[in-house]
Amino acid sequence: KYKLFIFDMDGVITETSEQHYQAWKQLANEIGIEIDRKFNEKLKGVSRIESLERILEYANKANDFTEDEKLELATRKNENYKEMILKFTEENLFEGVKDLFDELKKRNIKIAIGSASKNAPTLVRLLGIENDIDYIVNPAEVKRGKPAPDIFLKAAEHLGVDISECIGVEDAEAGIEAIKSAGMFAVGIGDSKVLNKADIVYGETKDIKLEDLM
Ligand code: BG6
Ligand code: MG
C-alpha cells in the first residue's frame with residue numbers, strides 16, 4: 001500500500017534534539033532569556049529563524065532586535081550547534097534505523113528526509129546513510145515550514161508518489177501537524193500525549209513495526 005516513507009531527521013533518526021536545545025539555551029542565556037524543556041517542545045521541527053522568533057516572543061523581546069541582529073543571533077546559534085554535531089558518526093544513528101531502512105528497501109519502498117534543518121545533508125553524510133536516502137527535501141526550496149505541509153508534499157511530488165501512499169514519521173507536534181495537513185499517515189515518535197494528533201505513536205524509532213503499518 002505505501003510506497004514512500006518521509007522521515008523527519010532531528011529526534012527521529014538521530015538525537016540532535018538535545019544539541020538544538022542546548023544551543024538555543026546558550027544563545028537565549030546570552031541575551032538574558034531562560035528557556036526550559038517544556039518550552040523547547042514548541043521549537044521542535046520549527047525553522048531556525050522561526051525558533052528564534054518564538055524565543056523572543058516568549059520573553060516579550062520580539063521588538064528588541066533588528067532583522068540583522070536576529071540573523072546574527074540565529075547564525076551564532078547555528079555555529080555553536082554545528083560544533084556540537086561535528087563529531088557525529090554512524091554510531092549516532094538511532095538504534096533500529098538501519099534495519100528499518102533495509103526492510104523498506106526490500107519492500108521497494110522509497111525513503112526521503114523531510115527535515116526543517118539546513119544541516120540535514122551534512123548529518124546524512126556524517127551518519128553514513130547517504131546511499132539509503134532517495135531524496136532530501138531542501139527546506140529553502142519550500143514556501144512554508146512545519147506545521148505547514150509543504151516539506152512533506154515536496155518529497156511526494158519530487159518522487160512522484162501519491163499522497164495516499166506516503167507515511168510521515170515525526171517526533172514534533174509541528175511535524176505531526178504538517179504530515180496530517182499534507183493528508184498523509186502520521187507516525188509519531190515519543191509521547192502519545194504530546195503527539196496526540198498522530199495516527200500511531202511509538203516510544204522510539206526502533207519500535208516501529210512495518211507489519212502494523214502495511
Ligand atoms: C528541525 C529541528 O529539524 O530543524 C529544529 O527540530 C531546528 O529544532 C530546525 O530548529 C532547523 O534546523 P537548522 O539546522 O537549519 O537550524
Ligand atoms: Mg524532529
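The figures that follow rest on heavy atoms only: side chains count, while hydrogens, waters and symmetry mates do not. Just follow the structure's listing: the first ligand is 1, and inside any ligand the first atom is 1.
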Backbone of [Y] reached by a side-chain donor or acceptor of [X] within 3.5 Å:
X: Lys70; Y: Ala74; result: no
X: Thr16; Y: Gln19; result: no
X: Ser51; Y: Val46; result: yes
X: Asp171; Y: Gly190; result: no
X: Asp207; Y: Glu204; result: yes
X: Thr205; Y: Val12; result: yes

Using the ring of each side chain (for Trp, its six-membered ring), is His20 parallel, tilted or perpendicular to Tyr81, with breaks at 30° and 60°?
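The arrangement is parallel - the two ring planes meet at less than 30°.
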
Do Asp68 and Thr66 have side-chain atoms, one donor and one acceptor, less than 3.5 Å apart?
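No, no side-chain donor-acceptor pair sits under 3.5 Å.
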
Please list the nearest protein heavy atom to [atom] with its residue and the distance rounded to 0.1 Å.
atom: atom 6 (O) of ligand 1; answer: Gly45 N, 2.8 Å
atom: atom 15 (O) of ligand 1; answer: Lys118 N, 2.7 Å
atom: atom 8 (O) of ligand 1; answer: His20 CG, 3.6 Å

I'd like to check which ligand 1 atoms, numbered from 1 as shown, lie under 4.0 Å from a non-hydrogen atom of Asn119.
13 (P), 14 (O)

Interfacing atoms of ligand 1 (cut-off 4.0 Å, heavy-atom, Ser51)
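Here the atoms of ligand 1 in question are 10 (O).
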
Which part of Ser117 is near ligand 1, with near meaning a heavy atom under 4.0 Å away: side chain, backbone, both or neither?
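It is both parts that get close, each with some atom under 4.0 Å.
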
Where's the contact between Ser115 and ligand 1, heavy-atom distance under 4.0 Å: side chain, backbone, both or neither?
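Contact part for Ser115 vs ligand 1: side chain (C-beta onward).
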
Excluding waters, which protein N, O or S atoms are within less than 2.8 Å of the Mg ion (ligand 2)?
Asp8 OD2, Asp10 O, Asp171 OD1

Answer yes or no: is there an ion pair linking Lys106 with Glu103, defined by an N-O contact shorter than 4.0 Å?
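A salt bridge is present here (some side-chain N lies under 4.0 Å from a carboxylate O).
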
For atom 7 (C) of ligand 1, tell me which residue out of Asp10, Asn78, Val46 has the closest non-hydrogen atom.
Val46

So is there a nitrogen or oxygen of Arg48 less than 3.5 Å from a nitrogen or oxygen in ligand 1?
yes

Under 3.5 Å between any N/O of Tyr81 and any N/O of ligand 1: does that happen in this structure?
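By distance alone, the answer is no.
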
The test is ring pair (Phe, Tyr, Trp, His ring centres under 6.0 Å); show your working for Phe101 and Phe7 and say whether it passes.
CA-CA 11 Å; Phe101 285 177; Phe7 291 90; 5.3 Å; yes

Under the ring pair (Phe, Tyr, Trp, His ring centres under 6.0 Å) rule, what pairs show up with a residue in residues 120-153, not counting sequence neighbours?
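Passing the test, one end in residues 120-153: Tyr135-His158.
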
